[in-house]
Structures are given as structure tokens and as C-alpha cells.
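First up is the structure itself, then whatever we jot down about it.
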Number of protein chains: 2
Amino acid sequence: MAVTDEAIEKIKGMIVSGALRPGDRLPKESELAAGLGLSRNSLREAVRALALIRILDVRQGDGTYVTSLDPQLLLEALSFVVDFHRDDTVLEFLAVRRILEPAATAMAALRISEQQLDALTAQLDKLGDAPSVEDLVACDLEFHRGIVRSSGNSVLCSLLDGLSGPTTRARVWRGLTQEDAVGRTLREHRAILAALRDRDAEAARSWATVHIASVEQWLRSTL
Amino acid sequence: MAVTDEAIEKIKGMIVSGALRPGDRLPKESELAAGLGLSRNSLREAVRALALIRILDVRQGDGTYVTSLDPQLLLEALSFVVDFHRDDTVLEFLAVRRILEPAATAMAALRISEQQLDALTAQLDKLGDAPSVEDLVACDLEFHRGIVRSSGNSVLCSLLDGLSGPTTRARVWRGLTQEDAVGRTLREHRAILAALRDRDAEAARSWATVHIASVEQWLRSTL
DNA sequence: TCGCTCAAGACCTCCGACGTATCAGGCCAT
DNA sequence: ATGGCCTGATACGTCGGAGGTCTTGAGCGA
């Protein structure tokens, strides 16, 4: 195994074992390199790789730190990875989202706070009846994110955040092509919100399913 | 932005835009570095980072290639990330798995082939009635993976693979050793398999839920 | 035709140097 | 005494070059 890969494993080991805790500062590059028995250049490659997936946070002039290791932060790397997928796998991502999002929405129905409900309502109100497609998609993303966040599971939240990326494009496309898509989306959002307000988990789940299935159906018929 | 980060973005751009396709070979380090306007050292950091998340595949003495970009390959990076999480977030990962796995099992009930069913049966038979914990864990992993693969969604498959990472699972099972978990797991596996054979999606979903919920419950009571 | 040898090509590792950003402490004016 | 500015130390950022190692494939001989 290359020395750089060894270094990645060793640094990972130090974190997993607890020798390095979130927020801790690593020894400076030259010292760490000496400690791990490799050159500064090779060590930097390892550090850079770990920084890309948000394990480490390097700050020029300051030092290198272990990030908070929050699921939210780490799964952010997921969206980077998802970006590489082309349209032919979008349907698979959407299918996973179709599983997760209704479940998350149902969970949210039992936990969401009144303030959150009001915030969501305000958000929909602000959008109006005939928003531009770009505004609608942006709002759609924010609406669902707000709900999922109320599910109380940050892993689930980050995962859906990452998965929603690639389907965003498709939604824009759809809004531009399909006539009634805008109005339909608005109505479905209202329905989901109403179910949440009623604390009706099953209704919320169903509306979320319908909401995503309509996108999926359209996408499937178009490809 | 640092030149290395720029290089990462540019290489990503080349792949996403289609200038570089899966399997393509990149220009050699020195040329690519010159082309992107940075030093070979800095370029190597970028390449190494992309190699860690399986976007690039570097082969010493040969060259650097774009990987197949299969969801399976890219989401493999997920398990690396999951490894960093401690026990307090394991429950959240398990909760996501509890959503996905039953859904995947239900999907499999409608699509799984006879050969796959026979293979799963043979696998359980081979394990016997009183397997070692190590064997059981390995079998458990393989059993579920076989089912999920039959769901026909490779993204879902990779995602679950990452979530049920060896670290998480191993730790959970070690503690379960003393309980009646072994026999219970075997019985539940049989039940899931029977439901699949009956093409009974709802039964399969339920048994999968029960299966995971029991682990979750135990874990929750232990932490 | 098969197997071996060997040289070219490409990545691997290291070194040393210099550029640049950050932070902490001292200095000075208010 | 307090606040702001300046400066030096520190640590990451970037670079160019020199060998080293591994893979590949062409060329050669049995």
C-alpha cells in the first residue's frame, strides 16, 4: 500500500480510536509527517483527501483540525458524489427518495413544532399562486428540507439533501415542459402541510408519496 | 480558492460535462498539471482526493483513469464516512436503514428470481442451526445484500451496503452474543425468505421491519 | 509459438525553498 | 487604562526537480 494510503488509514484510526476528537488540532504538517514516517508532500495528499470528504478542516496560517464529524457535514460529501451521476441513474435516486421522503414526512407529522408549521405556511404564502419555475423549485427544495429536518433524524435529513440534488434539474425541466406541474405542486404542498398540521402521519406519508410519484411518473414517461 | 481545489473542480467538470468518460485515461500528471496551470505536486493532491472517493483510479506504472462511476462504486465512499461515526449516531443510521431495508425487501419480493431464492435458501441451510457469531454476522450481511440486490435498484443497494457497514454491524452483534439473538435471527431470516418465495411483498416488508426493529430495540436499551 | 529480457512510460516519494494567510503580542495614540 | 495598528512567528500553499518503483509492451531467442 502506498504511504499516502497508509497515512489516510492512520489518521482515520486516530480519529476513530478517539486519540483525535472533533475540533482537535493536528500536529503541524512537518511534525505529523515525521511522526507517520513520510514526507510532507505525501502527507498533504492524505490530508487533502480527508478534507474533501469533510473529515479534516485545513486553515491556512492556522492549522489543521478535525471537523465536528456531524452526519450533516460528512454526508455533504454525498452530494459531491451524486453530482457525477448522469440522467440514466436519476430514476434510481428518485426511487430511493420516494422511499425516504414519505417516511420522513410521517415522522415529522408527530414531532414538528408550531413555529415550524407557521414558517412553512409563510413560505408557501410568500411564493404566491404563479411563481416562476426557478422560484418554485427553490421553494420546493426548501419546503421539503424544512419538513425533513423536523423528522429529528439528521442522518435522514442529510441523506435526502444529497439525494435531492440531481433530481432538482429534472424538476426544473418538468416545470418548463408540463403545463399543470406548477399548480399541482403548489396544491400538493398545501395538502402535505395540512396533514402535518393535523398531526396525521399517514396522510402526510401518502401525500408525500403522491408528490414524488408524480415527478417519477413524468420522468419515466419522458426518458 | 486554492489551486488544488480549482483542479478538483475542473477535473470534476471535465467528467460531468462528458469531456472525460468512464474508463477514459487522463493525460499524464505532468501534462495535466501544465494544462490546468499548476504544479505536479498540487495536482497530485487533487487526484488523490478524487481517488479516495472512487472518482479516479490511479495505477502506478500505467496511468490515471476515470472509474466506471457506478453508483455502487461511488457510494462505497459512504461506508468510509460512516466509519467515523460514534455510537450516539448509530441509532440514526439504523433508523434510516429501518426505512430502506423493508422497502427494498418488498421490492425484491416482486422481482427476485428462482435462482436467487434457491441461492438464499442454500446459504441459510449451509449455516446450520448453531453457527458461530462470526459466521452468522457474515451470513446476515450476505443474506440481506442478496435480497437488496434483487430490488433492482443499485443506488438503494449501495446505500444500504454503506449503512450496514461492517463496523456498525460488528459492534452491534458482539453485544448480542449472549442473548437469544442467534436463534431469533435465524428464524427471522427464514420468515423473510418464505415471504419472498410467496411473492408476498407486505409480509416481506413486515418481517424485514421486525428484523431490524429488534436490533434497534436492543441497541437502544443498551446505549 | 512461447517465454524471457529489457527499456520506455507513468506514477510514487522525497527534498528544499519560497509565497501567503492567520494569530498573538507589543507598541502607540487616545 | 483602553483601543487600534503593526510586526514577527507560525503553519499551510505552491513550486521545481531528482530519483525510485511498477506496469506494459516490444524485441529477442529457444
Side-chain angles (χ1 to χ4, degrees), chain A residues 1-15 19-69 73 76-77 80, chain B residues 1-15 19-69 73 76-77 80:
Chain A
M1 188 192 286
V3 290
T4 302
D5 295 313
E6 283 181 35
I8 292 177
E9 287 302 320
K10 285 178 183 172
I11 296 174
K12 176 180 176 181
M14 286 192 282
I15 296 175
L20 284 175
R21 313 191 121 275
D24 277 1
R25 177 180 180 163
L26 274 69
K28 63 178 170 185
E29 289 182 344
S30 56
E31 286 179 8
L32 186 55
L36 297 179
L38 41 64
S39 75
R40 198 178 143 229
N41 265 333
S42 299
L43 172 68
R44 277 182 58 78
E45 291 181 17
V47 169
R48 171 71 65 176
L50 291 171
L52 180 68
I53 57 176
R54 307 293 206 276
I55 301 296
L56 297 180
D57 178 24
V58 294
R59 305 176 203 160
Q60 181 178 152
D62 185 355
T64 302
Y65 299 80
V66 179
T67 66
S68 65
L69 297 180
L73 202 58
E76 217 174 80
F80 186 92
Chain B
M1 189 191 286
V3 290
T4 302
D5 295 313
E6 283 181 35
I8 292 177
E9 287 302 320
K10 285 178 182 173
I11 295 174
K12 177 181 177 181
M14 286 191 282
I15 296 175
L20 285 174
R21 311 190 125 274
D24 277 1
R25 177 180 180 161
L26 274 68
K28 62 177 169 184
E29 287 183 345
S30 55
E31 286 178 10
L32 186 55
L36 296 180
L38 42 66
S39 76
R40 222 188 108 234
N41 268 332
S42 300
L43 172 68
R44 277 183 57 77
E45 291 182 18
V47 170
R48 172 70 66 175
L50 290 171
L52 179 67
I53 57 176
R54 311 300 168 95
I55 301 295
L56 298 180
D57 178 24
V58 293
R59 306 177 202 159
Q60 181 177 167
D62 185 356
T64 302
Y65 299 81
V66 179
T67 66
S68 64
L69 296 181
L73 205 57
E76 216 174 82
F80 187 92

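Here is the naming used below: chain letters follow the sequence lines, and residue numbers restart at 1 for every chain. Computation of the quantities below employed the complete heavy-atom set of this structure, encompassing side-chain atoms and omitting hydrogens, waters and symmetry-equivalent molecules.
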Take atom CG of B:Asn41 and atom C1' of C:dG19, then tell me their distance rounded to the nearest Å.
15 Å
In whole angstroms, the gap separating P of D:dG13 from CD of B:Glu6 amounts to 14 Å
Near-strand residues of residues 47-55 of chain B, defined as heavy-atom separation under 4.0 angstrom from DNA chain C
B:Arg48
Phosphate contact (C:dC14 OP1 or OP2) by A:Ser42 side-chain N/O below 4.0 Å:
yes
Spacing of B:Glu29 atom CD relative to D:dT21 atom C1', expressed in whole Å:
13 Å
Nearest-Å distance, CG (A:Asp5) to P (C:dC12)?
9 Å
Between C:dC15 (P) and A:Leu38 (CG): distance, integer Å:
10 Å
For residues B:Leu73 and B:Ser68, report the shortest heavy-atom separation together with the two atoms involved.
CD2-OG, 3.7 Å
So, B:Asp5 and A:Arg48, do they make that salt bridge, N to O below 4.0 Å?
yes
Regarding B:Thr64, tell me which of base, sugar-phosphate or nothing describes its non-hydrogen contacts under 4.0 Å with the strands shown.
sugar-phosphate
Give a yes or no on whether the backbone of B:Tyr65 and the side-chain of B:Arg59 come within a donor-acceptor separation of less than 3.5 Å.
no
Rounded to the nearest angstrom, tell me the gap between atom CZ in B:Arg40 and atom P in C:dC14.
13 Å
Could you state the CZ-P distance from A:Arg44 to D:dT14, rounded to the nearest angstrom?
7 Å
For a quick test of reading the model, state the closest non-hydrogen atom pair linking A:Leu56 to A:Thr67 and the distance between them.
C-CG2, 3.7 Å
Specify the separation, in whole Å, of atom CG of B:Asp57 and atom C1' of C:dC11.
12 Å
What is the nucleic acid contact for A:Thr4, judged by heavy atoms within less than 4.0 Å: base, sugar-phosphate only, or nothing?
sugar-phosphate
Where protein sits on nucleotides 3-9 of chain C, one letter per nucleotide: B base, S sugar-phosphate only, - none, heavy atoms under 4.0 Å
------B
